[in-house]
Number of protein chains: 2
Amino acid sequence: MSDEKNVHTFTISQIADELDISTRTIRFYEEKGLIKPGRTAGNQRIYTPRNKARLKLILRGKRFGFSLDEISEMIGMADTDMDELAQIEKSLYFGEAKLKEIQDRKKELSLLEQDILATRKKLLQRFRELKHTATTNNKKENM
Amino acid sequence: MSDEKNVHTFTISQIADELDISTRTIRFYEEKGLIKPGRTAGNQRIYTPRNKARLKLILRGKRFGFSLDEISEMIGMADTDMDELAQIEKSLYFGEAKLKEIQDRKKELSLLEQDILATRKKLLQRFRELKHTATTNNKKENM
DNA sequence: TTTATAATTAACGTTTACGTAAACTATATG
DNA sequence: CATATAGTTTACGTAAACGTTAATTATAAA
């Protein structure tokens, strides 16, 4: 009994189902160098939990409007040569920048929230005006 | 002296400069029904501060990955017939949904932040390892 | 009033992020 | 082992969100 890859792995469709994306999407991310799953003897992709976590991270970035290019800068290209100092320094540098962006987005998120609340307030105001008019008219009609 | 439109207005390129977008983008948003500026006698677009504010709102939504279609649902189509109860109710309904989304995004934003911080930690770890190795090697070489 | 800028419409082009179909191979199952 | 099911590559298709001419008209400046 060798302990070779004892971690349970997943097929592409298992991942797709779980993350609610298409297999095409997963392969597309691989094409772009964002993930790098292993292969079976028969050349089929196998995903480790680590691969899955990375995909989740990518999807999280997407939900914030980051482009795939930005995301790859953010989390680093597929673990190809993550071992050179220069590469690491670059990633660190980018990470800092992205952290700042996230701070900004947090602020903007609040602004957006305020905008929506303000809009809602106006709408409710208008809504009541209209209802009042309608009520008034109804009363007239009922007299 | 009539008080006709005493508010200072802007040309399309003034708006473009100020909001740092292209005139094409502004016209495109108009095509999609998101804004509805006035026109001069010579058929050129004129933007009121209100129009400008609306554009800012659109851009804010964009920064959060909302599509233009979603944004138009969010802030209501160009003030054409914003006066029917049904329309207002729909907008209110959407507003609530979007507020919830914003709550979710706030949470995810923190998660993304944590991910980046975790990545940074690992990178720094690896960084130090490499530097140590380099130092060790140098010491050997210098002996 | 001429002329340099700026704006308008129309239409085709481009990038991103996948969708979809075809032709083929691997794997699972009765 | 036959065959249904799942996975692979290749390649063309597509929607969204503008970019980029081009041809024409307005407006501002000298």
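So you know, we letter chains A, B, ... as the sequences are listed, proteins then strands, and number each from 1.
Between B/K32 and D/dC18, a side-chain N or O to OP1/OP2 separation shorter than 4.0 Å is absent. The shortest distance between the side-chain N/O atoms of B/R45 and the OP1/OP2 oxygens of C/dA7 is not below 4.0 Å. Applying the 4.0 Å criterion to OP1 and OP2 of C/dC18, one finds that A/Y29 has a side-chain N or O inside that range. In terms of phosphate contacts, B/T11 brings no side-chain nitrogen or oxygen within less than 4.0 Å of OP1 or OP2 of C/dA6.
Inter-residue side-chain proximity for B/Y47 and B/E18 is flagged as unmet; no heavy-atom pair is nearer than 4.5 Å. You'll find the side chain of B/T48 reaches within 4.5 Å of the side chain of B/N51, heavy atoms only. The side-chain heavy atoms of B/R39 and B/R45, taken from C-beta on, include a pair separated by under 4.5 Å.
A straight line from CZ of A/F28 to P of D/dT9 spans 15 Å, rounded to a whole angstrom. We find that CZ of A/R39 is positioned 10 Å from C1' of D/dT9, with the value rounded to whole Å. Atom CG of A/L34 and atom P of C/dA17 are 9 Å apart (whole Å). Atom pair B/L59:CG and D/dC18:C1' shows a separation of 13 Å (rounding to whole Å applied).
With hydrophobic clusters built from ILVMFWY side chains whose heavy atoms lie under 4.5 angstrom apart, A/F66 shares a cluster with B/L68. Placement of A/F28 and A/L34 within a single hydrophobic cluster is found when ILVMFWY residues are connected by side-chain heavy-atom separations under 4.5 Å, directly or transitively.
The C1' atoms of five pairs define one axis at each end of the helix from C/dT1-D/dA30 to C/dG30-D/dC1, and these two axes lie 20° apart (to 10°).
For B/D69, whose side chain is taken as the heavy atoms from C-beta onward, the closest listed nucleotide among D/dA16, C/dA6, D/dC18 is D/dA16.
Taking 4.0 Å as the cut-off between side-chain N and carboxylate O, B/R120 and B/E113 do not count as a salt-bridged pair.
Sorted by residue number, the members of residues 18-27 of chain B with any non-hydrogen atom under 4.0 Å from DNA chain D read B/S22, B/R24, B/T25.
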5' to 3', nucleotides 22-30 of chain C under a 4.0 Å protein heavy-atom cut-off (B base, S sugar-phosphate only, - none) gives ----SS---
